[in-house]
Amino acid sequence: MTRPTAGRVGRPGVWRGLLAWSAVAPFALWALLRLVPGDVHFRWVQLVAFTPYAALASVVAPLVAVLVRRRAALVAGLAATATLVACVAPRALPDPIPGDSSGAGLRAAGAAGPVLRVLSANLLYGSVPPAALVDLVRRLRPDVLTLQELTPEASAGLRGAGLTALLPYADDRAQEGSGGSGLFTRFPLRPENLADVAGRRQAAGIVEVPGAAPVAVVSVHPCAPRYSSRFRCWSKTLASLPGPRGPVRILSGDFNATLDHSRVRRLLDAGYRDAADVTGEGLAGTWPYRPWDLRGLPVPPVTIDHILVDPRVSVRAFGVHRLPVTDHRAIFAELAVPAIQGRAARSDAGKANLGSPPDHHTPIASAAVASR
């Protein structure tokens with residue numbers, strides 16, 4: 001009988017080690033890159049959006065390590081899984097209310113202030129039927145509507161369907177293609193100029209909310225980082241967004257980025273809070289809801305549409321809503337903004353009737369930005 005050699009005995013151990021580390025290494029690398037405070041590489045910008053799915057799949061790594069009995073791989077696998085879960089899991093949990101044990105969501109700074117409802121929708125090159133969007137506006141009764149991929153034809157269709165009777169003030173920056181946007185409000189609006197990046201015309205303005213300090217709103221829409229040639233446009237647009245300083249600010253729209261992208265994390269580090277994350281809805285996918293692929297692989301839903309609020313604003317509710325044709329879900333948040341105190345509040349009380357939609361003959365206050 002032939003006696004087994006040391007080499008033959010050792011081979012199964014080598015293969016078990018290779019199997020364990022092959023399962024662990026991809027997730028360990030993902031966790032490491034996720035912690036890097038930068039974009040790392042264009043391909044990583046595309047991949048990092050799927051971190052919630054990576055966190056879910058990463059439980060395979062420690063299980064494989066246990067099955068093949070490799071302690072070092074097990075420790076590394078558990079560390080990778082714990083890191084990814086720690087990055088993702090808080091989005092599914094509502095922030096606690098100070099002094100309240102129900103955990104129903106954050107109601108901090110502006111909790112006692114006027115309510116401001118914000119709705120945002122990407123129209124997919126203006127293809128959403130105007131009547132469908134106006135019907136959603138009637139049901140949700142937003143005070144602020146931010147639109148992305150607003151084309152001149154879509155803008156005309158929305159006006160014809162009665163949008164301006166509900167939201168009479170606007171900064172309409174419609175243009176052909178995907179670069180147009182709009183900001184429609186129930187209350188008076190003073191349009192602002194943001195620097196255009198690669199022709200992206202992000203609508204922006206100061207909303208005069210009755211009983212509240214002025215609220216600055218931006219309809220956010222950077223380039224989609226689908227190709228390397230658009231990466232610079234994407235990163236520069238997100239980097240150019242104003243921080244939560246000066247007037248109360250709200251950034252609302254299609255960011256083409258998730259909370260795992262470093263550019264969005266910088267906005268959160270500056271003080272903004274994501275309305276979906278605050279209410280425990282941070283994993284609700286908003287895109288794509290039509291077939292889409294990345295290098296031949298189908299793309300599962302990710303959360304790239306956001307309503308980011310100033311730390312002085314509290315979040316009361318958040319929801320995701322379906323619109324026909326578009327590959328995005330519309331997002332809606334009910335907020336409370338800081339109230340004006342003292343004499344200013346009393347003088348502003350007389351303006352409360354601005355909260356009611358005017359009759360059909362009220363002219364829309366639209367910014368003439370095309371000539372700027």
Side-chain angles (χ1 to χ4, degrees), residues 94-120 137 140-146 166-171 183-192 203-220 241-253 267-268 270-281 306-319 331-358 362 365:
D95 290 359
I97 305 173
D100 179 76
S101 59
S102 64
L106 184 67
R107 312 285 189 274
V115 171
L116 187 71
R117 299 178 181 90
V118 180
L119 176 65
S120 181
V137 170
L140 297 178
R141 295 181 298 122
D143 304 302
V144 173
L145 171 66
T146 60
L166 302 169
L167 302 172
Y169 305 95
D171 181 15
L183 171 60
F184 294 79
T185 67
R186 188 180 306 277
F187 309 122
L189 174 70
R190 290 183 284 117
E192 288 190 309
I206 304 291
V207 184
E208 301 290 348
V209 181
V215 179
V217 182
V218 179
S219 178
V220 178
L241 293 174
R245 299 176 300 276
V248 174
R249 292 191 180 276
I250 297 172
L251 307 180
S252 171
L267 292 170
L268 299 179
Y272 283 112
R273 291 173 297 127
D274 180 77
D277 179 38
V278 166
T279 55
E281 300 292 337
H306 306 280
I307 297 174
L308 300 188
V309 301
D310 186 298
R312 294 164 287 184
V313 175
S314 66
V315 181
R316 298 163 61 98
F318 179 85
I331 56 175
F332 174 78
E334 185 176 290
L335 312 172
V337 295
I340 298 176
Q341 302 298 322
R343 184 179 301 173
R346 290 192 295 272
S347 65
D348 197 63
K351 302 177 184 178
N353 60 345
L354 290 173
S356 302
T362 302

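What you see is a predicted model, and the numbers here were worked out from it, not measured in a lab.
- Rounding to the nearest 0.5 Å gives a distance of 8.0 Å between CG of L183 and CG of L145.
- Smallest separation of non-hydrogen atoms from A213 and I340: N-CG1, 3.5 Å.
- Residues passing the salt bridge (charged side-chain N to carboxylate O under 4.0 Å, His left out) test with E334 are R117, R316, sequence neighbours excluded.
- Note that the CG atom of L335 and the OG atom of S252 stand 9.0 Å from one another [nearest 0.5 Å].
- R141 meets the side chain to side chain donor-acceptor pair (under 3.5 Å) test with no other residue; sequence neighbours excluded.
- Atom CD1 of residue I206 and atom CZ of residue F187 lie 15.0 Å apart, to the nearest 0.5 angstrom.
- Y169 and R186 make their closest contact through CE1-O, 3.5 Å (heavy atoms, listed as atom of the first residue, atom of the second, distance).
- Judged by distance alone, with hydrogens and angles left aside, the side-chain atoms of D171 form a donor-acceptor pair with the main-chain N or O of A204 at under 3.5 Å.
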Exercise for the section: Apply side-chain contact (heavy atoms from CB on, under 4.5 Å) to the pair I250 and V144, showing each step before the final yes or no. Expected result: CA-CA 10 Å; I250 297 172; V144 173; over 6 Å; no
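- Every salt bridge (charged side-chain N to carboxylate O under 4.0 Å, His left out) that D310 has, sequence neighbours left out, goes to R312.
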Exercise for the section: Could you please spell out the steps behind the side-chain contact (heavy atoms from CB on, under 4.5 Å) verdict for L167 and V137? Expected result: CA-CA 9 Å; L167 302 172; V137 170; 4.1 Å; yes
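- The two atoms that bring V248 and V313 nearest to each other are CG1-CG2, 3.3 Å, heavy atoms only.
- A 4.5 Å side-chain heavy-atom check between D274 and L308 finds at least one atom pair inside the cut-off.
- Contact between P247 and A216 at its shortest, heavy atoms only, is CG-CB, 4.1 Å.
- Pairing each heavy atom of A275 with each of A333, the nearest pair is CB-CB, 4.1 Å.
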